[in-house]
Amino acid sequence: MTMQDHQTYRIGIIGASGFAGSEVLRLATVHPGFDVVWATGDSQAGTPIADLYPALASAYGGQRFVEYDEVLLEQVDAVVLALPHGASQALVPDLVGTVRWIVDLAADFRLQDASLYDTWYGAPHTAPELLADFAYGLPELYRDRIIDARCVAAPGCYPTAA
């Protein structure tokens, strides 16, 4: 997603009511190229974003968390998944080809070798055919792959801090 053309991109955040999702909401408020069209939080559906995160009240006004529904995808260019590890694997197959960009903040698409998921995350990968579609999102090492990627797997806190 390059911002060279100064276009505004419509984004949806799946899992926006959790910590990682709230950080995406916060970061999007200061990014001139992002317009958060919807933010899901299934357990918080119907709750105003400002009620859960008062610091975001000026940016999101009366916007409310919504329950995820595939029809929402028609409204956005990009989706950020801020779900617990393992949950993105069930959604990404439907997102690929439906939205232009996908960013997964969980560990679901970080490793290219599907056989390692059982070892490292305690369960086999349910969409191994999509692993090669994801660029590992550590720009210090993989900038050339990330810049044109349609799917990016966030590296997580440990590799980012190290």
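- Without hydrogens or angle criteria, Asp42 side chain to Tyr68 main chain gives a donor-acceptor distance under 3.5 Å.
- Scanning all heavy atoms of the two residues, the minimum distance from Leu52 to Gln44 falls at CD2-CG, 3.9 Å.
- Heavy atoms only, all atoms of each residue included: Gly61 and Ala50 are closest at O-CB, 4.0 Å.
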Atom pairs and distances, side-chain donor-acceptor, residues 107-116, under 3.5 Å, sequence neighbours left out:
from, atom 1, to, atom 2, distance (Å)
Asp108, OD1, Gly86, N, 2.6
Asp108, OD2, Gly86, N, 3.2
Asp108, OD2, Ala87, N, 3.4
Asp108, OD2, Ser88, N, 2.9
Asp108, OD2, Gln89, N, 3.0
Arg110, NE, Ala106, O, 3.4
Arg110, NE, Ala154, O, 2.5
Arg110, NH2, Leu105, O, 3.1
Arg110, NH2, Ala154, O, 3.4
Gln112, NE2, Leu131, O, 3.0
Gln112, NE2, Phe134, O, 3.3
Asp113, OD1, Ser115, N, 3.0
Asp113, OD1, Ser115, OG, 2.7
Asp113, OD2, Ser115, OG, 3.3

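- Of all heavy-atom pairs between Val66 and Ala45, the closest is C-CB, 4.0 Å.
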Starting from the C-alpha separation in whole Å, work towards a yes-or-no answer on side chain to side chain contact (heavy atoms under 4.5 Å, CB included) for Tyr60 and Thr29.
CA-CA 8 Å; Tyr60 294 101; Thr29 65; 3.4 Å; yes
Chi angles and distances behind the side chain to side chain contact (heavy atoms under 4.5 Å, CB included) call for Leu91, Leu83
CA-CA 10 Å; Leu91 296 177; Leu83 297 169; 3.6 Å; yes
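- For the residue pair Leu25 and Ala16, the shortest heavy atom distance occurs at CD1-O, 3.7 Å.
- Every pair tested for salt bridge (charged side-chain N to carboxylate O under 4.0 Å, His left out) that includes a residue from residues 83-100 fails, sequence neighbours excluded, so the list is empty.
- For the atom pair CZ (Phe65) and CD1 (Ile13), the distance works out to 8.5 Å, reported to the nearest 0.5 Å.
- Hydrophobic clustering (ILVMFWY, side-chain heavy atoms < 4.5 Å, transitive): Tyr136 and Trp120 are in distinct clusters.
- Hydrophobic clustering, with ILVMFWY side chains joined whenever heavy atoms are under 4.5 angstrom apart, keeps Tyr9 apart from Val79.
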Could you walk me through whether Leu56 and Arg26 pass side chain to side chain contact (heavy atoms under 4.5 Å, CB included), step by step?
CA-CA 7 Å; Leu56 299 176; Arg26 184 186 63 78; 4.1 Å; yes
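- Taking both residues in full, the closest heavy atoms of Ala149 and Ala135 are given as CB-CB, 3.8 Å, listed atom of the first, atom of the second, then distance.
- The structure places NE2 of His125 at 12.0 Å from CG of Asp118, a figure rounded to the nearest 0.5 Å.
- For Trp38 (side chain) and Leu72 (main-chain N/O), a donor-acceptor pair under 3.5 Å exists by modelled atom type.
- When the side chains of ILVMFWY residues are joined at heavy-atom separations under 4.5 Å, either directly or via intervening members, Val103 and Ile14 end up in two distinct hydrophobic clusters.
- Salt bridge Asp35/Arg10: absent, no basic N to carboxylate O contact under 4.0 Å.
- Smallest separation of non-hydrogen atoms from Leu73 and Val99: O-CG1, 4.0 Å.
- In this structure, the separation between CG on Leu81 and CG on Asp104 is 5.0 Å, given to the nearest 0.5 Å.
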Begin from the C-alpha positions of Val36 and Ile11 and carry the test side chain to side chain contact (heavy atoms under 4.5 Å, CB included) through to its verdict.
CA-CA 5 Å; Val36 177; Ile11 67 170; 3.9 Å; yes
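- For the atom pair Thr8 OG1 and His31 NE2, the distance stands at 10.0 Å (nearest 0.5 Å).
- Looking only at distances, a side-chain donor or acceptor of Thr40 sits under 3.5 Å from a matching main-chain atom of Gly15.
- Among residues two or more places apart in sequence or in another chain, the salt bridge (charged side-chain N to carboxylate O under 4.0 Å, His left out) test is passed with Glu67 by none.
- Interatomic distance, CZ of Arg64 versus CD1 of Ile49, reported as 10.0 Å (0.5 Å rounding).
- Between Tyr121 and Tyr117, the two ring planes are tilted [angle within 30° to 60°].
- The hydrophobic cluster containing Val76 does not contain Val80, counting ILVMFWY residues as joined when their side-chain heavy atoms lie under 4.5 angstrom apart, directly or transitively.
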